[in-house]
A.B. asks: 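Structure incoming, see below.
All residue numbers in this chain count up from 1 along the given sequence.
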Amino acid sequence: MADKKVLRLNCPVCETRLRIAAEIERFACLNCGTELLVEQRDGIAQLVPSESSAEEMSDAQQRLIEVSTTLKDTDDQFGVGCAVTTMGITLVGCVLVAVSVVLQLQFLFWLTISVVLAALVYVLFLFVAASSRRTEPLLRQRDRLQAEIEIEED
């Protein structure tokens with residue numbers, strides 16, 4: 001029996017982690033009840049509220065979805081950039097370590113290890129700092145919108 005493909009996506013309204021069979025195109029979130037559609041963009045699946053659900057949403061709920069999507073996209077961009085940079089530094093370091101071992105150059109070996117570790121720490125610092133600067137305002141805006149929605153619901 002073939003395994004069915006399961007998508008793991010977050011509800012754009014309540015952020016609940018959902019498991020959805022790949023062939024399903026429309027369903028309701030188990031937590032908030034919002035009718036959602038599975039959309040494919042550039043080969044990536046994402047959930048969006050149906051037109052009828054979007055019409056019933058407040059402005060704050062719609063803005064929250066936009067902010068959450070922007071936040072996720074920003075985090076993804078920084079994550080990919082950090083991963084690619086880290087792999088590149090590691091690859092260069094591995095080549096230099098291999099050369100130093102083959103040529104039996106202990107100085108080059110330790111220099112490579114030191115420089116690669118320093119570069120990795122620097123890259124980590126840069127990406128965390130840059131990511132925080134870009135995502136911090138979005139996080140604050142998301143928190144404000146969530147509080148506004150909770151007040152509306154009470």
Side-chain angles (χ1 to χ4, degrees), residues 1-97 112-154:
M1 183 173 181
D3 290 332
K4 290 187 177 185
K5 184 176 178 185
V6 176
L7 303 173
R8 289 174 177 80
L9 301 168
N10 290 341
C11 173
V13 177
C14 68
E15 296 293 320
T16 298
R17 187 82 167 150
L18 303 168
R19 291 175 46 139
I20 306 135
E23 62 273 3
I24 292 178
E25 295 177 4
R26 176 180 287 233
F27 67 99
C29 174
L30 298 171
N31 186 50
C32 67
T34 303
E35 184 181 26
L36 299 169
L37 304 173
V38 179
E39 283 189 356
Q40 297 283 338
R41 288 189 190 164
D42 301 324
I44 298 173
Q46 70 178 34
L47 298 176
V48 295
S50 68
E51 284 185 36
S52 60
S53 290
E55 289 171 1
E56 295 173 9
M57 287 182 195
S58 68
D59 288 340
Q61 287 173 319
Q62 291 177 358
R63 286 194 323 262
L64 178 61
I65 292 171
E66 293 170 11
V67 168
S68 294
T69 301
T70 303
L71 184 59
K72 182 188 176 309
D73 292 345
T74 303
D75 277 344
D76 289 349
Q77 289 172 354
F78 279 104
V80 168
C82 187
V84 168
T85 305
T86 300
M87 287 188 308
I89 291 170
T90 304
L91 177 63
V92 169
C94 288
V95 169
L96 288 174
V97 165
T112 300
I113 296 294
S114 300
V115 170
V116 165
L117 287 175
L120 290 173
V121 167
Y122 181 68
V123 165
L124 179 63
F125 171 76
L126 282 180
F127 276 97
V128 167
S131 176
S132 295
R133 279 193 308 274
R134 298 269 303 281
T135 59
E136 194 62 37
L138 292 170
L139 289 170
R140 286 193 302 273
Q141 187 176 6
R142 184 187 67 184
D143 292 344
R144 279 194 310 271
L145 289 168
Q146 286 173 334
E148 186 178 323
I149 290 167
E150 288 175 10
I151 291 169
E152 286 176 359
E153 291 175 352
D154 290 341

A.B. asks: Please report the interatomic distance CD(Glu35) to CZ(Arg26), rounded to the nearest 0.5 Å.
C.D. replies: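 Between atom CD of Glu35 and atom CZ of Arg26 there are 4.5 Å.
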A.B. asks: Less than 3.5 Å apart, which donor and acceptor atoms pair up between the side chains of residues 130-150 and the rest of the protein, not counting sequence neighbours?
C.D. replies:
from	atom 1	to	atom 2	distance (Å)
Ser132	OG	Val128	O	2.9
Thr135	OG1	Ser131	O	2.7

A.B. asks: Taking 4.0 angstrom as the limit, do Asp76 and Lys72 come out as a salt bridge?
C.D. replies: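 Yes, this pair counts.
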A.B. asks: Give, for atom CD of Glu15 and atom SG of Cys32, the distance between the pair rounded to the nearest 0.5 Å.
C.D. replies: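 Those atoms lie 10.0 Å apart.
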A.B. asks: Between Cys29 and Leu18, is there a side-chain heavy-atom distance shorter than 4.5 Å?
C.D. replies: yes
A.B. asks: Side-chain donor-acceptor contacts of residues 84-94 below 3.5 Å, not counting sequence neighbours, with atom names and distances?
C.D. replies:
from	atom 1	to	atom 2	distance (Å)
Thr85	OG1	Gly81	O	2.8
Thr86	OG1	Cys82	O	2.8
Thr90	OG1	Thr86	O	2.7

A.B. asks: Go through Thr34 and Cys14 one step at a time and tell me if the side-chain contact (heavy atoms from CB on, under 4.5 Å) criterion holds.
C.D. replies: CA-CA 9 Å; Thr34 303; Cys14 68; over 6 Å; no
A.B. asks: Does Leu30 have more than 12 heavy atoms from other residues, nucleotides or ligands lying within 6.0 Å of its CG?
C.D. replies: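 Count not over threshold, so no.
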A.B. asks: Check whether Gln62 reaches the backbone of Ala54 with its side chain - one donor and one acceptor, N or O, closer than 3.5 Å.
C.D. replies: yes
A.B. asks: For a quick test of reading the model, state the closest non-hydrogen atom pair linking Phe78 to Phe127 and the distance between them.
C.D. replies: O-CD2, 3.7 Å
A.B. asks: Can you name the salt bridge (Lys or Arg N to Asp or Glu O under 4.0 Å) partners of Asp73, sequence neighbours left out?
C.D. replies: none
A.B. asks: Okay, side chain of Gln77, backbone of Thr74: is any donor-acceptor separation there less than 3.5 Å?
C.D. replies: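 Absent.
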A.B. asks: Which heavy-atom pair separates Ala45 from Val38 by the least distance, and what is that distance?
C.D. replies: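 Scanning both residues completely, I find the closest heavy atoms to be CB-CG1, 4.3 Å.
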A.B. asks: Quick one, Leu37 with Phe27, criterion side-chain contact (heavy atoms from CB on, under 4.5 Å). Give me CA distance, side-chain angles, the key distance, then yes/no.
C.D. replies: CA-CA 7 Å; Leu37 304 173; Phe27 67 99; over 6 Å; no
A.B. asks: Start with the C-alpha distance between Leu124 and Leu120, add both sets of side-chain angles, then the distance that settles side-chain contact (heavy atoms from CB on, under 4.5 Å), and finish with yes or no.
C.D. replies: CA-CA 6 Å; Leu124 179 63; Leu120 290 173; over 6 Å; no
A.B. asks: Would you say Leu64 and Met57 make side-chain contact, with heavy atoms under 4.5 Å?
C.D. replies: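 Side chain of Leu64 against side chain of Met57, heavy atoms only: no contact under 4.5 Å found.
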A.B. asks: If you apply the rule side-chain contact (heavy atoms from CB on, under 4.5 Å), what do you find for Glu39 with Leu47, and how did you get there?
C.D. replies: CA-CA 6 Å; Glu39 283 189 356; Leu47 298 176; over 6 Å; no
A.B. asks: Distance from Leu7 atom CG to Ile24 atom CD1, nearest 0.5 Å?
C.D. replies: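 If I round to the nearest 0.5 Å, the distance is 9.0 Å.
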A.B. asks: How many angstroms lie between atom OG of Ser50 and atom CD of Glu25, to the nearest 0.5 angstrom?
C.D. replies: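 Those atoms lie 13.5 Å apart.
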A.B. asks: Taking all non-hydrogen atoms of both residues, which atom of Leu36 and which atom of Cys11 are closest, and how far apart?
C.D. replies: CD1-SG, 4.0 Å
A.B. asks: Has the side chain of Thr16 got a donor or acceptor atom that lies under 3.5 Å from a matching backbone atom of Asn31?
C.D. replies: no
